[in-house]
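Contents: one structure, followed by commentary.
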Amino acid sequence: MTSLAVPDVITVGETMAAMRATGPIKLAPPMELSIAGAESNVAIGLARLGHRVGWAGAVGNDEFGALILRTLRAEQVDVTHARTDTEQRPTGLLVREDGIGDLATVRYYRAGSAGSAIRPPTSSPPCVPDCASCT
């Protein structure tokens, strides 16, 4: 999506890198890397349905942050209002470890992350006037 298109929806929140282990981490199982976060999931789903969607949030100036922005762009989500942190805060991380059967352990590493530092704007938000919805 080009930044010139007016989004139908802008989602705002923290998106994290997600690492999914297929077994106990202490046994060094294969792991899959992707992204996770309700706001980015909604943005991607709406974009796949043909809506013009933007995501506003913050990522670290690291490889995980680059992955998040690349993934959202590839899904046609406008990241014009996303920012890359300049204060050395990293991108948040979600780690999922499969257990026995359907059981899994999920750990969030968000303390001090770029996304955890998002604050309401002190002036008008960067949303466009015709924005139909914000999550």
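None of these values were measured; they are calculated from a predicted model.
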Original post:
Would you say the side-chain atoms of Asp62 pair up with the backbone N or O of Thr91, donor to acceptor, closer than 3.5 Å?
Top reply: yes
Original post:
Donor-acceptor pair, Arg52 side chain versus Val6 backbone, under 3.5 Å?
Top reply: yes
Which atoms form the tightest heavy-atom contact between [X] and [Y], and what is the distance?
{"X": "Pro90", "Y": "Gly112", "value": "CD-O, 3.6 Å"}
{"X": "Ala21", "Y": "Pro29", "value": "CB-CG, 3.9 Å"}
{"X": "Ala18", "Y": "Ala36", "value": "CB-CB, 3.8 Å"}
{"X": "Ala47", "Y": "Val53", "value": "N-CG2, 3.7 Å"}
{"X": "Trp55", "Y": "Ala82", "value": "CZ3-CB, 3.5 Å"}

From [X] atom [atom1] to [Y] atom [atom2], the distance as rounded to the nearest 0.5 Å:
{"X": "Thr15", "Y": "Leu72", "atom1": "OG1", "atom2": "CG", "answer": "6.0 Å"}
{"X": "Thr71", "Y": "Ile35", "atom1": "OG1", "atom2": "CD1", "answer": "5.0 Å"}
{"X": "Met31", "Y": "Thr22", "atom1": "CE", "atom2": "OG1", "answer": "8.5 Å"}
{"X": "Arg83", "Y": "Ile118", "atom1": "CZ", "atom2": "CD1", "answer": "7.0 Å"}
{"X": "Leu49", "Y": "Asp8", "atom1": "CG", "atom2": "CG", "answer": "11.5 Å"}

Taking the side chain as every heavy atom from C-beta outward, state whether [X] and [Y] have any atom pair closer than 4.5 Å.
{"X": "Val59", "Y": "Asp85", "result": "no"}
{"X": "Thr84", "Y": "Leu69", "result": "yes"}
{"X": "Ile44", "Y": "Val77", "result": "yes"}
{"X": "Met19", "Y": "Glu32", "result": "no"}

Subject >> Set of residues satisfying side-chain hydrogen bond (donor to acceptor under 3.5 Å, both in side chains) with respect to Asn41, sequence neighbours excluded >> reply: none
Subject >> Members besides Tyr108 in its Ile/Leu/Val/Met/Phe/Trp/Tyr cluster (side-chain heavy atoms under 4.5 Å) >> reply: Met16, Leu94, Val106
Subject >> Distance-only donor-acceptor check, side chains Ser113 and Glu14, under 3.5 Å >> reply: yes
Side-chain donor-acceptor pairs of residues 96-104 under 3.5 Å, sequence neighbours excluded:
from	atom 1	to	atom 2	distance (Å)
Arg96	NH1	Asp98	OD1	2.2
Glu97	OE1	Arg107	NH1	3.1
Glu97	OE2	Ile25	N	2.7

